[in-house]
Amino acid sequence: MAILGTLLKKGIKLRENLQQEYSSPLELQKNELKELMIAASHTEFGKYYDFPKILTRFKKGGQAFYMAYKAVVPIHDYNKIYKDWWQLSLKGAKDIAWPGKIKYFALSSGTSEAASKHIPVTKEMTKAIQRTSIRQIISLSKYDLPPKVFESGILMIGGSTHLNKRGNYFEGDLSGIQAARLPFWFQHFYKPGKKIAKGRNWDTKLDEIVKKAKEWDIGIVVGVPAWIQILIEKIIAYYQVANIHEIWPNLLVYVHGGVSMDPYRKGFEKLMGRPIYFIETYLASEGFIAYQALPKHKSMKLVLNNGIFYEFVPFEEKNFLPSGDIRPDAEAILIEDVEEGKEYALLLSTCAGAWRYLIGDVIKFTSLEESEIIITGRTKHFLSLCGEHLSVDNMNKAIELASNEMNIQINEFTVAGIPHENLFAHHWYVGTDDKVDAKALRDRIDFYLKELNDDYAVERSAALKDVFVEVLPLHKFYDWMESKGKVGGQNKFPRVMKNAQLDDWKKFIA
C-alpha cells in the first residue's frame, strides 16, 4: 500500500503547483468583496445598504470601493447583527443577509459568553471551509512526511455531529454541520466515523474511541489541545503502553487550533514516542480564516480568496472601550495598509451573511509578503487595568517559559484583574497536578512577563502593585467546564475572567 501513499503525495504536490496565486493581496480581497456584494445585492441587507450603488465604485482605482463600502455599512458585533438581521433568518425568513433560507446555524459561545450564539452556516460557507481544508492538506507536501502518512486515518475530535432540529433550521457544533457534508473520498480516512462522532455524551464518546484505537492506523490528529491530550492519556492508560506511538506508529501530524499550543507542548511531548509536527489552524464558526502553510513557521497564512473579506482595526484605545467592545467610529483599514508587529482586531464579511462583523480575535502580522499572522488574543481577553496591555499571547509564553524552567506541566490557567491597595493586582489560577511552590511560580511568571512586555514592567513598579498565583488541581478547570455544559469538542477554558464569570468561578473553586 506504500505506493498509494507515494502517488497521493505526488498528486498533492502537482495540485499545489497548479494553485499558485500570483495576484496581490489587495486584488484578491477586492475581488472577494465584489463577489460577496453581487451575491447579496438582492437580499434585505443588500437593498438596505444599496449594494448596487457601492458596486459602481469597484470600477474606480485604489481604495474607492472600500471607502464607499465602509462609509455606508456599519461595524457589527454579534448582538447588533443578530438583533438587526440574523434573528430574522433564524425565524425562517429568506434573503435576509445572504440569498435563500439559512438551514444551519453553528452554536458558538467562544470562551466568555454565557449564552450560545447562533452563527449562520450557508452552503457556500460549507464549500469554502472544505476548499481551505483541502489547501491545508495540500500544504503537507512541504513537510518531510513518509508516504504512509498519506494513506493513514485522520482522527478528528470535535463536538457532537448530532444536529438539533429547531423548526425551520438545524443547530449544532460546526464540526457536525461539516460532517454532514463530508466529501465521499474523505470518508475512508475519517475517524472516529459517523456513528461515534454523533454521540452527545463526551465521556462515552472518548471511551468508544479508546476501545477502537488499536484497530485504527492514525497518521493525523485534529482537535483542541486539552481534549486531545486527555484522549491520548486515556489510550495509553487503557492499553498500558509507554506512549501513543506504540498504538499509532504512523502518527506524525497534530493539527490544532482555538488556543495557543505553548502551554500544552510539554505535556504532549511526554505522550509521544518520537517528535511529531504541530500544525496550527484558524477555523472559527464564522469561517476558515488561516492555516500554517510552512514547517517551522509559528504563523498561519491568511486565506484571501475563499469567501471572506477582511478589515483590520488597530487594537488601540481610540478604537476600543476598556471592556473590549468596539467603538462605533472605530477606524478599519485594508490588508495593504497593515504593519508587521502591530495588533489588529478582525472584521469579516463572508459568504454566510456576516458584514463588517467583529469576530473578537486579535491578530498580528508576522510577514506582509506571505500574509502570515498569529493570534495574540481576544478583544475582551486582554488585561489592561492600568496600562499594562497584557495579551493572551504574553500569558501563554510566560506560562511556557516558567513551566519549562521549573520542569512542571501546566495545562490550564486563567487570570483576573483585581483591586488591591487602592490600585490593582493580577490573580492567576494555575492548573497543574505537579508539586509546585506557588510563590516560586508566581515569581517566575512575573519575571517573564516583565521580559516579554515593557508596559507590564513599567506598571509593576507603579499601579500594578502585586501578582497572586493560586495553584489548583487540573480537574477543577475541567469540572467547571462540565458544570457549564462545555466539556469536550471545541470548548476552551477562558484565559481571562471578568465580572460575573469571575464571581461564578470563585464560588465554584470555593
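Because only heavy atoms are used, hydrogens play no part in the values below, and waters and symmetry mates are left out as well, while side chains stay in. We're numbering straight along the sequence, starting at 1. Keep in mind it's a predicted model, so treat the numbers as computed, not measured.
For the ring-ring contact (aromatic ring centres under 6.0 Å, His included) test, residues two or more places apart in sequence or in another chain that qualify with His256 are Tyr254. Glu400 is linked by a salt bridge (charged side-chain N to carboxylate O under 4.0 Å, His left out) to Lys397, counting only residues two or more places apart in sequence or in another chain. In terms of the ring-ring contact (aromatic ring centres under 6.0 Å, His included) criterion, residue partners of Tyr357 (sequence neighbours excluded) are, by chain and number, Trp86. Take Asn168 and apply the side chain to side chain contact (heavy atoms under 4.5 Å, CB included) test, not counting sequence neighbours, and it matches no residue. Evaluation of the side chain to side chain contact (heavy atoms under 4.5 Å, CB included) rule for Asn164 yields His162, Arg166, Glu171, Arg200 as partners, not counting sequence neighbours. Shown here are the ring-ring contact (aromatic ring centres under 6.0 Å, His included) partners of Phe312, two or more places apart in sequence or in another chain: Phe365. Residues passing the ring-ring contact (aromatic ring centres under 6.0 Å, His included) test with Phe288: none are found, sequence neighbours excluded. With sequence neighbours left out, Lys298 forms a salt bridge (charged side-chain N to carboxylate O under 4.0 Å, His left out) with Asp262. With sequence neighbours excluded, no residue forms a salt bridge (charged side-chain N to carboxylate O under 4.0 Å, His left out) with Glu286.
In summary, the side chains of Asn394 and Ser391 do present a donor paired with an acceptor at a separation below 3.5 Å, with no hydrogens or angles considered. Judged by distance alone, the side chains of Tyr264 and Glu269 never bring a donor and an acceptor atom under 3.5 Å apart.
The list of ring-ring contact (aromatic ring centres under 6.0 Å, His included) pairs with a residue in residues 117-138, not counting sequence neighbours, is empty. Legend: salt bridge (Lys or Arg N to Asp or Glu O under 4.0 Å) pairs involving residues 347-376, not counting sequence neighbours, sorted by first then second residue: Lys301-Glu370, Glu311-Arg356, Asp361-Arg378.
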Under 3.5 Å, which donor-acceptor pairs link side chains of residues 27-35 to any protein atom two or more places apart or in another chain?
{"unit_1": "Gln29", "atom_1": "OE1", "unit_2": "Tyr310", "atom_2": "N", "d": "2.7"}
{"unit_1": "Gln29", "atom_1": "NE2", "unit_2": "Leu304", "atom_2": "O", "d": "2.9"}
{"unit_1": "Gln29", "atom_1": "NE2", "unit_2": "Ile308", "atom_2": "O", "d": "3.1"}
{"unit_1": "Lys30", "atom_1": "NZ", "unit_2": "Phe58", "atom_2": "O", "d": "3.3"}
{"unit_1": "Lys30", "atom_1": "NZ", "unit_2": "Lys60", "atom_2": "O", "d": "3.4"}
{"unit_1": "Asn31", "atom_1": "ND2", "unit_2": "Glu35", "atom_2": "OE2", "d": "3.1"}
{"unit_1": "Glu32", "atom_1": "OE2", "unit_2": "Gly307", "atom_2": "N", "d": "2.7"}

